[in-house]
Amino acid sequence: MLIARFATAAPVTALDLPLPDPDALAHSARLSRLIHEQIAAAGGAIAFSRFMELALYAPGLGYYSAGASKFGGEGDFVTAPELGPVFAACTAQALAPALQQIGPQARLLELGGGTGAFAEVALKRLLELDALPDRYAILEPSAQLRERQRERLMQRLAPPLFELVEWLDGPFGDEWEGVVFANEVIDALPTPRFGIRDGEVYEEHVTSDGERFARELRPADSFLANAVGHIERGLERRFADGYRSEVLPQLPYWIQAVSGGLRRGALLFADYGYARGEFYAPERDDGTLRAYYRHRVHGEPLLWPGLQDITASVDFTALAEAGVAAGFDLAGYCSQASFLLGNGLDGVLKRIDSIADPVEKQRRVNEVKKLTLPSEMGERFQVMGLQKDVELGVAFMVGDLSHRL
């Protein structure tokens, strides 16, 4: 069974997971040595967020920087665009009005392009809707994934469409107009972990004995302590002693960075997560951190650095606050199921019903179920839109949950 990145982590040990092959273990050992060295240089401990950054993004060694397969049956998880064309087609329909409002100079920036599946379908659908952007840019940190995206799009797009696509090392450096889209990106931002002890805020760190990693709490700096205090004020309650979770105090700066010189346009984010009240529910007292390896979700993020994904759910209230602080207005917030229903899923279902091949028809039905059922991705994944001098709110006409933020 392919796992989408939303399952609840269950306690496991390395014995419960398939053992990596010798080459993979050697790769992980190289990254582990780098992390051990950084811990030693830092005096014996680094913040968990730094460990996560190295494990995922260390040049040439991190999970997203090296060449290991991540998506699909041979990888560690599956994302909505990899299931089939439905998610990307509906998302393109949601973004088309904003692109049309901006006009021929509109650009589309996709953060983290996966296998290129989203770009392929989105560009074809935007062509049908007469809403093609002037440029379609993919900001992709992995050289291996860039090449995979390039090969796929070159093979499957007509030359005029493929010529719109470019790859960037960072956000646009000039002033521009258009939209930014990110599916399952924020969950992979290196996140600080906090813990409460005797009423004080501590930060989770990773220590090393030279061979093994361990987690421990150390006093938090004022930046993290203030971020936790902001959450408590919003919740109108204090966290209990022993409570641990994640917070992204850097999120406003990240939003400002990825939107760059966007003077007019929209941001659209799809990810698994919750509004703040649910994210920090009293019973969720160890946060949402988890790891994915070979379609198994577990709670050992320090295991096999570079070979597994490490992720945490998104606080969508924090995302809305960050967007507003960056000069955007909230366009809407809803479940993935509601978003798809409000952006062309009815037409998709009609096309599926007309498919003659019973095998292909059932495959598409299963795709829609995976994307929309509450027990699958439909309710656990959320979508949020932010806008600046364009109107994106129509994309959230079905099931808007902004009142929960």
Side-chain angles (χ1 to χ4, degrees), residues 4-8 80 87 90-91 94-95 98 180-187 189 191 194 227-240 243-249 251-252 254-255 266-290 311-343 345 371-388 391-405:
R5 294 191 297 177
F6 60 75
T8 301
F87 178 83
C90 292
T91 301
L95 293 175
V180 176
F181 171 70
N183 178 62
E184 293 197 52
V185 170
I186 298 175
D187 64 82
L189 295 180
T191 179
F194 71 88
V228 174
H230 173 75
I231 294 168
E232 290 180 320
R233 288 189 293 274
L235 296 173
E236 298 183 341
R237 59 177 170 82
R238 299 290 299 275
F239 290 117
Y243 194 94
R244 294 196 190 201
S245 193
E246 304 83 33
V247 62
L248 280 171
L251 191 56
W254 184 83
I255 291 289
L267 315 177
L268 187 69
F269 300 100
D271 223 314
Y272 48 88
Y274 316 92
R276 178 165 292 158
E278 188 177 356
F279 190 106
Y280 296 108
E283 62 272 17
R284 190 170 280 116
D285 58 3
D286 195 31
T288 67
L289 186 72
R290 52 210 182 267
T311 179
S313 296
V314 175
D315 172 2
F316 275 93
T317 304
L319 181 58
E321 291 174 346
V324 171
F328 294 85
D329 297 319
L330 179 66
Y333 164 63
C334 65
S335 71
Q336 179 173 284
S338 294
F339 179 77
L340 297 177
L341 286 167
N343 292 283
L345 186 59
L371 291 170
T372 60
L373 287 178
S375 60
E376 297 285 351
M377 302 172 76
E379 299 297 325
R380 305 189 190 196
F381 278 70
Q382 314 287 305
V383 183
M384 176 171 284
L386 299 157
Q387 60 191 24
K388 180 188 292 186
E391 177 53 54
L392 190 66
V394 67
F396 298 91
M397 293 294 286
V398 176
D400 186 57
L401 300 174
S402 298
H403 61 281
R404 292 190 182 179
L405 300 170

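In this chain, numbering begins with 1 at the start of the sequence shown.
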May I ask you to decide if [Y]'s main-chain N or O and [X]'s side chain share a donor-acceptor pair within less than 3.5 Å?
X	Y	result
Tyr272	Glu379	no
Glu391	Gly393	yes
Gln382	Tyr274	no
Asn343	Thr91	no
Asp271	Asp187	yes
Ser338	Cys334	no

Please find the pair of heavy atoms, one from [X] and one from [Y], that lie closest to each other, and give the distance.
X	Y	result
Phe339	Ala94	CZ-CB, 3.5 Å
Met384	Ala320	SD-N, 3.7 Å
Gly287	Ser245	CA-OG, 3.6 Å
Lys388	Ala326	NZ-O, 4.1 Å
Ala275	Asp315	C-OD1, 4.3 Å
Ala98	Leu392	CB-CD1, 4.3 Å

Give me the one residue out of Glu321, Glu232, Glu236 that meets salt bridge (Lys or Arg N to Asp or Glu O under 4.0 Å) with Arg276.
-> Glu321
Phe316 and Tyr333: aromatic ring centres closer than 6.0 Å?
-> yes
Flag the pair Phe239 / Phe194 as yes when their ring centroid distance falls below 6.0 Å, and as no otherwise.
-> yes
Side chain to side chain contact (heavy atoms under 4.5 Å, CB included) evaluation trace for Ile186 with Leu319 = CA-CA 9 Å; Ile186 298 175; Leu319 181 58; 3.6 Å; yes
For atom CZ of Arg237, decide whether the heavy atoms of other residues, nucleotides or ligands shown that lie under 6.0 angstrom number more than 12.
->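 Yes, enclosed.
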Decide if atom CZ of Arg284 counts as having more than 12 heavy atoms of other residues, nucleotides or ligands within a radius under 6.0 Å.
-> yes
Would you say the side chains of Arg290 and Ser313 form a donor-acceptor pair under 3.5 Å?
->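 Note: Arg290 and Ser313 side chains meet the donor-acceptor criterion.
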For the residue pair Leu401 and His403, establish whether any side-chain heavy-atom pair is separated by less than 4.5 Å.
-> yes
Side-chain contact test, heavy atoms from C-beta onward, threshold under 4.5 Å: evaluate it for Leu268 versus Leu95 and give yes or no.
-> yes
With rounding to the nearest 0.5 Å, note down the distance linking [atom1] in [X] to [atom2] in [Y].
X	Y	atom1	atom2	value
Leu189	Trp254	CG	CH2	5.5 Å
Leu340	Phe381	CG	CZ	11.5 Å
Asp329	Leu386	CG	CG	8.5 Å

Passing option when Phe269 is tested against Val314, Val383, Ile255 for side-chain contact (heavy atoms from CB on, under 4.5 Å) =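 Testing Phe269 for a side-chain contact (heavy atoms from CB on, under 4.5 Å) against Val314, Val383, Ile255 leaves exactly one candidate, Ile255.
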Among Ile231, Thr288, Val247, Leu235, which one satisfies side-chain contact (heavy atoms from CB on, under 4.5 Å) with Phe279?
->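 Checked Ile231, Thr288, Val247, Leu235 against Phe279; only one passes side-chain contact (heavy atoms from CB on, under 4.5 Å): Thr288.
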Stepwise, does the side chain to side chain contact (heavy atoms under 4.5 Å, CB included) test hold for Leu289 with Glu246?
-> CA-CA 8 Å; Leu289 186 72; Glu246 304 83 33; 3.5 Å; yes
Please lay out, stage by stage, how Leu345 and Thr372 fare under the test side chain to side chain contact (heavy atoms under 4.5 Å, CB included).
-> CA-CA 10 Å; Leu345 186 59; Thr372 60; 3.9 Å; yes
Check the pair Leu330, Leu405 against side chain to side chain contact (heavy atoms under 4.5 Å, CB included), reporting the backbone distance first and the verdict last.
-> CA-CA 11 Å; Leu330 179 66; Leu405 300 170; 3.7 Å; yes
